[in-house]
Engineer: 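Structure provided below as structure tokens; questions to follow.
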Amino acid sequence: YFARKANHKGSYSLVDALKSKV
Amino acid sequence: PKTFKVQVITMDAEMEFSCEMKWKGKDLFDLVCRTLGLRETWFFGLQYTIKGVCAWLKMEKKVLEQEIPKEDPVKFHFLAKFYPEKVEEELLQEITQHLFFLQVKKQILDEEIYCSPEVTVLLASYAVQAKYGDYDPAFHKPGFLAQDELLPKRVLKQYQMTVHMWEEKITAWYAEHRGIARDEAEMNYLKIAQDLAMYGVNYFSIEQNKNHTDLLLGVDAKGIHVYSIDNRFSPNKSFEWSAIRNISYSEKELTIKPLDKKAEVFKFFSSQLKVNKLILQLCIGNHDLFMKRRRVDSIEIQQMKAQAKEEKARKKMEH
């Protein structure tokens, strides 16, 4: 759910993080 | 193995460690926690400053591969990075409470957290109870607080009161706290402090795309908030963690996508890429704790809660 595509880009999906912890 | 020296500064101590060159951030962090006897490690981090920007040591990366200041010893501050939503429910160990108490007290005295004069006096009285124990007029003679930093400078300047008058005011409250043990006094301090508007918020200067209005972004235990530059107390806009779908950055731009697909996507620019990385790191950490609080406690937490309860009962008996 946290993805770093390049050194200057990052993304965090709260929805995916929640799904993975349920 | 080859080593390098590290100095770690906590709120009340300085320690020196020899680190192996290959150590990851986690290795050093765990060693510090073990040395302190701290188990509620998830609130804390090792902070350093690089080119005027504050940063936190990453756990999974080698210490020496991070952009840390080139000094000998390398200096880190061991500080709370994340705050609980409710101190009385989440801070279990006495050491954790004590470190939070010291850190929040410093933020209030340094005016990083605004606090009204009335409340600063009440907070000071709890800090005095924690330090001196029960008030005893035979022992605590006028002037006994002369060496203690108890109130923010702004408050001292705001009123035409002598040091003696402040001491009297604080002592009047202090005398009311008779029978409260050190850990209780510190917890009472935190319970009041956590209701202050600026408590636990990490603020960042941001610019909005279109009209270049300067704003502040705040990240805390509950979510992300947007403030006008001149009002750090009440946000114009708030995104609770449970209402956010995704947070992403590209260079200096950061985007918050709400869960509600019809709601407006919030885009802004921060001053540096480095700041965006820090904002996202704080969001991930806070969101992780937010989810953790809403799940069943782990065995470790259950044990710690039971232990804390026992300890409290034992202390109360002793007291």
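Letters A, B, ... are given to chains in the order of the sequence lines, protein chains preceding strands, and every chain is numbered from 1. All values derive from a computational prediction rather than experimental measurement.
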Engineer: Please indicate whether B/Lys237 has more than 12 foreign heavy atoms, meaning atoms of other residues, nucleotides or ligands, lying under 6.0 Å from its NZ.
Structural biologist: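 Yes - once you tally the heavy atoms of other residues, nucleotides and ligands closer than 6.0 Å, there are more than 12.
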
Engineer: Are B/Tyr249 and A/His8 an aromatic pair, judged by ring center distance below 6.0 Å?
Structural biologist: no

Engineer: Evaluate side chain to side chain contact (heavy atoms under 4.5 Å, CB included) for A/Tyr12 paired with B/Leu280, printing each intermediate quantity in order.
Structural biologist: CA-CA 8 Å; A/Tyr12 176 62; B/Leu280 192 65; 4.0 Å; yes

Engineer: Passes side chain to side chain donor-acceptor pair (under 3.5 Å), A/Asn7 versus B/Lys277? Steps please.
Structural biologist: CA-CA 10 Å; A/Asn7 194 36; B/Lys277 286 185 179 179; 3.1 Å; yes

Engineer: Within the supplied structure, the quantity of interest is the number of heavy atoms (other residues, nucleotides, ligands) at a distance under 6.0 Å from B/Lys292 NZ; does it exceed 12?
Structural biologist: yes

Engineer: Quick check on B/Ile244 against chain A: is it the side chain, the backbone, both or neither that has a heavy atom closer than 4.5 Å?
Structural biologist: both

Engineer: Please lay out, stage by stage, how A/Asp16 and B/Arg245 fare under the test side chain to side chain contact (heavy atoms under 4.5 Å, CB included).
Structural biologist: CA-CA 9 Å; A/Asp16 291 349; B/Arg245 175 183 305 279; over 6 Å; no

Engineer: Looking at B/Glu240, I want to see if its CD is surrounded by more than 12 non-hydrogen atoms of other residues, nucleotides or ligands under 6.0 Å.
Structural biologist: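 No, because the 6.0 Å sphere around CD of B/Glu240 holds 12 heavy atoms or fewer from other groups.
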
Engineer: Could you tell me which of B/Leu273, B/Asn276, B/Ile284 has the largest number of non-hydrogen atom pairs under 4.5 Å with chain A?
Structural biologist: B/Ile284

Engineer: Drop me the distance from A/Leu14's CG to B/Ile247's CD1, to the nearest 0.5 angstrom.
Structural biologist: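 Output value for this atom pair is 5.0 Å.
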
Engineer: Would you mind checking which part of B/Leu259 comes under 4.5 Å of any heavy atom in chain A, side chain (CB onward), backbone (N, CA, C, O), both or neither?
Structural biologist: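 The answer is the side chain of B/Leu259.
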
Engineer: According to the salt bridge (Lys or Arg N to Asp or Glu O under 4.0 Å) rule, which pairs have a member within residues 42-63 of chain B, sequence neighbours left out?
Structural biologist: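 The answer is B/Lys51-B/Glu67.
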
Engineer: If I take atom NZ from residue B/Lys257 and atom OG from residue A/Ser11, how far apart are they, to the nearest 0.5 angstrom?
Structural biologist: 7.5 Å

Engineer: Check the surroundings of atom NZ in B/Lys81: do more than 12 heavy atoms from other residues, nucleotides or ligands lie under 6.0 Å from it?
Structural biologist: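 Enclosed: over 12 neighbouring heavy atoms sit under 6.0 Å from NZ of B/Lys81.
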
Engineer: Would B/Met291 and A/Leu18 count as a side chain to side chain contact (heavy atoms under 4.5 Å, CB included) if you check the C-alpha gap in whole Å, the side-chain angles of each, and the deciding distance to 0.1 Å?
Structural biologist: CA-CA 7 Å; B/Met291 292 189 295; A/Leu18 187 62; 3.7 Å; yes

Engineer: With a 6.0 Å cut-off (strictly less than), is the heavy-atom count around NZ of B/Lys252, excluding the residue itself, greater than 12?
Structural biologist: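 No - once you tally the heavy atoms of other residues, nucleotides and ligands closer than 6.0 Å, there are 12 at most.
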
